[in-house]
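Notes to accompany the following structure.
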2 protein chains.
Amino acid sequence: MRNLRDKKTFWCYEKLSKCCCRLTKPRHAILDVLSATEKHLNAEQIYKSASRIEPNIGLATIYRNLELLVNIGLVWKFETGNSKTVYELAECRHESHHHHLICKKCNSIIDYSGFRDNEKDFIRRREEMLSKKYDFKIQNHCIDFYGLCAKCRNA
Amino acid sequence: MRNLRDKKTFWCYEKLSKCCCRLTKPRHAILDVLSATEKHLNAEQIYKSASRIEPNIGLATIYRNLELLVNIGLVWKFETGNSKTVYELAECRHESHHHHLICKKCNSIIDYSGFRDNEKDFIRRREEMLSKKYDFKIQNHCIDFYGLCAKCRNA
DNA sequence: GTCCTATTGAGAACTATTCTCATTAATAAA
DNA sequence: TTTATTAATGAGAATAGTTCTCAATAGGAC
């Protein structure tokens with residue numbers, strides 16, 4: 001058996017074991033796949049890539065673990081509106097959080113980050129205000145803009 | 001045949017006919033249902049309510065027309081993350097646009113509106129900046145906060 | 001190494017949504 | 001008002017993404 005702790009997804013282990021989750025090979029493969037890309041992958045794509053690492057992995061295991069990883073906050077689940085749910089690694093590595101521009105025609109997703117400080121401040125203040133007003137513990141947010149990308153607008 | 005133009009969803013007709021859509025009874029029933037509530041309804045709920053107005057309406061018709069209404073901008077489609085897609089009337093009646101607080105546990109949705117001017121300004125400026133930077137025509141946006149509602153936090 | 005039980009793989013089951021197609025009805029034209 | 005055109009419909013089949021079931025496996029505490 002390979003040593004799971006050698007791998008580049010090491011930073012996830014603390015969180016996993018804190019949540020009393022075993023560090024299984026399928027889990028490991030999924031995290032490897034997600035950490036190897038900046039793209040948003042759907043379950044099928046994750047399944048295909050993970051199968052190259054763990055050939056016998058099952059699709060149900062992919063779904064089960066994605067749900068788990070989303071629940072413990074390691075992965076961010078994201079619905080585009082065309083029935084393809086996609087997943088991406090949460091900002092565990094202190095990479096900048098990002099928002100999305102989604103094309104309603106071709107469903108492509110543009111990430112944008114590089115927020116100015118005033119954007120971060122704005123969101124933080126907003127979250128504070130809403131938390132208080134609605135007695136709601138905010139854990140994260142999703143800011144997406146919908147419209148038409150350059151390609152689709154000119155096509 | 002009842003006169004469709006008598007009904008309270010009159011304000012939608014201009015848009016519908018502009019888009020060369022016929023003013024059918026099923027469409028009318030769906031708009032009536034959506035305009036009679038402030039809640040977010042899923043397709044099944046809309047089907048049930050619309051069936052009371054048009055008993056023979058089919059579920060496929062509900063889906064077809066919701067898609068149409070979303071495309072022409074009369075209805076806003078909204079995915080909660082637990083596979084229940086919900087719909088609500090867009091702000092055709094100049095009601096204030098709103099954002100959401102979504103409980104990750106019970107999937108309840110709190111609407112909030114009452115934005116201050118600086119929030120509107122902020123979003124407008126952001127949209128301008130993003131449109132230019134990414135050559136992307138922004139049509140609308142979705143700002144949602146995820147977390148735990150008071151009930152679930154204390155349960 | 002042994003034990004406990006969380007996790008798995010495989011495939012069936014489920015569910016939301018979309019498709020197909022013959023029939024109906026909204027609208028434009030006569 | 002009647003007629004013609006064709007968009008829209010209802011019913012049910014089909015699809016696709018996801019979840020469930022259950023016997024077998026394997027992580028990790030001891």
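Proteins come first, then strands; the chains are lettered A, B, ... in the order of their sequence lines, and each starts at number 1.
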Answer yes or no: is there a donor N or O on one side and an acceptor on the other, between the side chain of [X] and the main chain of [Y], under 3.5 Å?
X: B:Ser35; Y: B:Asp32; result: yes
X: A:Ser131; Y: A:Phe136; result: yes
X: A:Glu67; Y: A:Arg64; result: no

Seminar exercise, completed: Side-chain atoms of B:Pro26 come closest, of D:dG10, C:dT27, D:dT18, to D:dG10
Exercise. Counting side-chain heavy atoms from CB outward, which of D:dG27, D:dT5, D:dA11 is closest to B:Arg22?
Worked result: D:dT5
Exercise. So what does A:Ile57 touch, heavy atoms closer than 4.0 Å: a base, only the sugar-phosphate, or nothing?
Worked result: sugar-phosphate
Specify the separation, in whole Å, of atom [atom1] of [X] and atom [atom2] of [N].
X: B:Asn42; N: C:dT15; atom1: CG; atom2: C1'; value: 12 Å
X: A:Tyr63; N: C:dT8; atom1: OH; atom2: C1'; value: 17 Å
X: A:Tyr47; N: D:dG17; atom1: OH; atom2: C1'; value: 14 Å
X: B:Arg27; N: D:dA8; atom1: CZ; atom2: C1'; value: 6 Å
X: A:Glu54; N: C:dT7; atom1: CD; atom2: P; value: 16 Å
X: B:Asn56; N: C:dT24; atom1: CG; atom2: C1'; value: 12 Å
X: A:Ile62; N: C:dG9; atom1: CD1; atom2: C1'; value: 11 Å
X: B:Leu59; N: C:dT18; atom1: CG; atom2: P; value: 10 Å

For this session: Only counting residues at least two apart or in another chain, list the ones meeting salt bridge (Lys or Arg N to Asp or Glu O under 4.0 Å) with B:Asp111.
Result: none
Seminar exercise, completed: A:Glu128 meets the salt bridge (Lys or Arg N to Asp or Glu O under 4.0 Å) criterion, sequence neighbours left out, with A:Arg124
Is [X] close enough to [N] that one of its side-chain N or O atoms is under 4.0 Å from OP1 or OP2 there?
X: A:Thr24; N: D:dA26; result: no
X: A:Arg64; N: C:dT7; result: no
X: B:Thr85; N: C:dT17; result: yes
X: A:Thr61; N: C:dG9; result: yes

What pair of heavy atoms forms the shortest contact from [X] to [Y], and how long is it?
X: A:Glu88; Y: A:Leu34; answer: CA-CD2, 4.5 Å
X: A:Ile57; Y: A:Tyr47; answer: O-CE1, 3.4 Å
X: B:Thr61; Y: B:Ile30; answer: O-CD1, 4.3 Å

For this session: Would you mind reading off the bend of the helix from C:dG1-D:dC30 to C:dA30-D:dT1 from its two end axes, five pairs each, to 10 degrees?
Result: 50°
Are side-chain heavy atoms of [X] and [Y] found at a separation under 4.5 Å?
X: A:Asn65; Y: A:Val75; answer: no
X: B:Glu54; Y: B:His28; answer: no
X: A:Asp135; Y: B:Arg153; answer: yes

Problem set entry | DNA chain D contacts among residues 65-72 of chain B, heavy-atom distance under 4.0 Å | B:Asn65
Problem set entry | Counterpart residues, ring pair (Phe, Tyr, Trp, His ring centres under 6.0 Å), relative to A:His100 (two or more places apart) | A:His40, A:Phe78, A:His98
Which atoms of nucleotides 1-3 of chain D (N or O only) lie under 3.5 Å from a protein N or O atom, and what are those distances?
none

